[in-house]
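Remarks on the structure that follows.
Atom set for the values below is all heavy atoms of this structure, side chains included, hydrogens, waters and symmetry mates excluded.
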Amino acid sequence: MSALCSSPKLVILGAPGAGKGTQAALLAEKLNTPHLSTGDILREEVRKGTELGKRAQEYMDRGDLVPDDIIIGAMNERLKEAGGSTSNGFILDGFPRTLEQAKALSSAVQLDLVFLVKLSQDEVVRRLSARRVCERCGRNYNLLFNPPQEEGRCDLCGAALASRVDDSPEVIRRRYQLHRKQSKGVEDFYREQGILQEIEGDQPIAEIHQAILDTLND
Ligand code: AMP
């Protein structure tokens, strides 16, 4: 594995449902690097009923983006905890989602690579409609390609599985449109720096994972 791989600072971009979270989790395990998902962080804050969670929830339920000042402040804290300003690596999933966030991130840390997982709107709706999340531990499943062993129950803790509030078809479409509008600026920002790597998201999970590892090894 190349030097880059020992403690890389990586971002995974892509539409909701493109598989960012799945790839980030696989990569985090492989590289033994922290995986920071803004969606998971925010949902945890909502579950705990914190001030941040209360401020974020209404935006999340509607499928809107949480305002930049709220999310940038929260991520700066998490990056410090993960050693973002030192030599430790991390994998960001769901952040940055706006050019403002990308600029704030680049003033805090120097990224090594940014992966963009690409997927069409139809496939996004199909996948997210089949997503289920454990109500207790937050583990994700997908009825299409990663179903639980027992229908409607979490493999890990046995609690009930449910659809996310923001995975209804109309909210999914809203999130996708918002993503299209916001993501171009972020992608161009990294393209201009020569660190953007594009990957087709309509492939098996293991193949996308391998493509990411191959790029890191180059
Ligand atoms: P996700 O699990 O990544 O789909 O995120 C779920 C929701 O959390 C999004 O629809 C937004 O409301 C919010 N969220 C997550 N990441 C961000 C971000 N970087 N900026 C603003 N809102 C975010």
For D167 and R175: C-alpha separation, side-chain torsions, deciding distance, then whether salt bridge (Lys or Arg N to Asp or Glu O under 4.0 Å) applies. CA-CA 9 Å; D167 277 347; R175 288 162 62 205; 2.9 Å; yes
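- Nearest heavy-atom pair across I72 and E100 is CD1-O, 4.1 Å.
- A donor-acceptor distance shorter than 3.5 angstrom exists from the side chain of Y176 to the backbone of Q121, with no hydrogens or angles considered.
- Within the 4.5 Å cutoff, no side-chain heavy atoms of V114 are placed close to those of Q197.
- Side chain of S107 to main chain of L105: no donor-acceptor pair is present (N/O by atom type, distance under 3.5 Å, no hydrogens or angles).
- Using a 4.0 Å cut-off between charged nitrogen and carboxylate oxygen, R97 and E187 do not count as a salt-bridge pair.
- Cluster membership check: L27 shares its hydrophobic cluster with I199, using side-chain heavy-atom separations under 4.5 Å among Ile, Leu, Val, Met, Phe, Trp and Tyr.
- Using modelled atom types, one finds no donor on one side chain facing an acceptor on the other under 3.5 Å when comparing T98 with Q182.
- By the 6.0 Å contact criterion, CG on D214 is enclosed, its count of non-hydrogen atoms from other residues, nucleotides or ligands being greater than 12.
- Taking CD from E29 and NE2 from H209, the interatomic distance works out to 8.5 Å, rounded to the nearest 0.5 Å.
- Residue-environment remark: CD (E151) stays at or below the threshold of 12 foreign heavy atoms within 6.0 Å.
- When each of L31, I205, L213 is checked for a side-chain contact (heavy atoms from CB on, under 4.5 Å) with L26, only I205 meets the rule.
- When side chains are defined from C-beta on, F189 counts as touching K103, because their heavy atoms get closer than 4.5 Å.
- For P67, the side-chain contact (heavy atoms from CB on, under 4.5 Å) partners are Y59, D69, I70, not counting sequence neighbours.
- Nearest heavy-atom pair, L13 versus P96, reported as atom, atom and distance to 0.1 Å: CD2-O, 3.6 Å.
- Classification of D40 and R47 as a salt-bridged pair fails, no side-chain N sitting under 4.0 Å from a carboxylate O.
- Contact of the L196 side chain with the L116 side chain is registered, since non-hydrogen atoms from C-beta on lie closer than 4.5 Å.
- F95 has its side chain within reach of Q101: a pair of non-hydrogen atoms, C-beta onward, lies under 4.5 Å apart.
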Chi angles and distances behind the side-chain contact (heavy atoms from CB on, under 4.5 Å) call for I91, V11: CA-CA 6 Å; I91 300 161; V11 166; over 6 Å; no
Donor-acceptor pairs under 3.5 Å, side chain of residues 153-163 to any protein atom, not counting sequence neighbours: which ones?
{"unit_1": "R153", "atom_1": "NH1", "unit_2": "G158", "atom_2": "O", "d": "3.1"}
{"unit_1": "D155", "atom_1": "OD1", "unit_2": "Q149", "atom_2": "N", "d": "2.8"}
{"unit_1": "S163", "atom_1": "OG", "unit_2": "R132", "atom_2": "NH1", "d": "3.3"}

Walk me through whether I12 and V117 qualify under side-chain contact (heavy atoms from CB on, under 4.5 Å). CA-CA 7 Å; I12 305 198; V117 185; 3.9 Å; yes
Assess whether salt bridge (Lys or Arg N to Asp or Glu O under 4.0 Å) is satisfied between R78 and E45, documenting all intermediate values. CA-CA 13 Å; R78 296 304 190 296; E45 298 286 333; 2.7 Å; yes
Verdict with supporting geometry, E135 and R164, salt bridge (Lys or Arg N to Asp or Glu O under 4.0 Å): CA-CA 9 Å; E135 289 181 322; R164 273 172 43 177; over 6 Å; no
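- Without hydrogens or angle criteria, T33 side chain to F90 main chain gives no donor-acceptor distance under 3.5 Å.
- You'll find the side chain of C134 reaches within 4.5 Å of the side chain of R136, heavy atoms only.
- By the 6.0 Å contact criterion, CZ on R55 is open, its count of non-hydrogen atoms from other residues, nucleotides or ligands being 12 or less.
- Note on L65 and L92: separate hydrophobic clusters, where clusters join Ile, Leu, Val, Met, Phe, Trp and Tyr whose side-chain heavy atoms are under 4.5 Å apart, directly or indirectly.
- Although no hydrogens or angles enter the test, the distance criterion places no donor-acceptor pair under 3.5 Å between the side chain of T50 and the main chain of V46.
- When side chains are defined from C-beta on, I195 counts as touching L111, because their heavy atoms get closer than 4.5 Å.
- If you chain together hydrophobic residues whose side chains sit under 4.5 Å apart, V186 and L178 never meet in one group.
- Taking NE2 of H35 as the reference point, atom CD of Q23 lies at 10.5 Å (rounded to 0.5 Å).
- Ion pairing between E123 and R126 holds under the 4.0 Å rule for side-chain N and carboxylate O.
- Side-chain atoms of D112 come within 3.5 Å of backbone N or O of K9 as a donor-acceptor pair.
- Nearest heavy-atom pair, V133 versus G138, reported as atom, atom and distance to 0.1 Å: CG1-O, 3.6 Å.
- Clustering ILVMFWY residues whenever any of their side-chain heavy atoms sit less than 4.5 angstrom apart, transitively, puts V124 in a cluster other than the one holding I208.
- D166 places no side-chain N or O within donor-acceptor distance of the main-chain N or O of V171, the cut-off being under 3.5 Å.
- Taking all atoms of both residues into account, the shortest heavy-atom contact from G185 to L99 is O-CD1, 3.7 Å.
- The heavy-atom pair separating L119 from G17 by the smallest distance is CD2-O, 3.7 Å.
- Rounding to the nearest 0.5 angstrom, the gap separating the CG atom in N140 from the OG1 atom in T22 is 7.0 Å.
- Annotation: side chain of V66 is in contact with side chain of L42 (closest heavy-atom distance under 4.5 Å).
- Two residues are said to be in side-chain contact when any heavy atoms from C-beta on lie closer than 4.5 Å; P16 and L128 meet this criterion.
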Might you work through the side-chain contact (heavy atoms from CB on, under 4.5 Å) test for E198 and R191, ending with a clear yes or no? CA-CA 10 Å; E198 301 188 32; R191 199 171 279 121; 3.0 Å; yes
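- Using a cut-off of 4.0 Å between Lys/Arg side-chain N and Asp/Glu carboxylate O, D64 and R174 are scored as salt-bridged.
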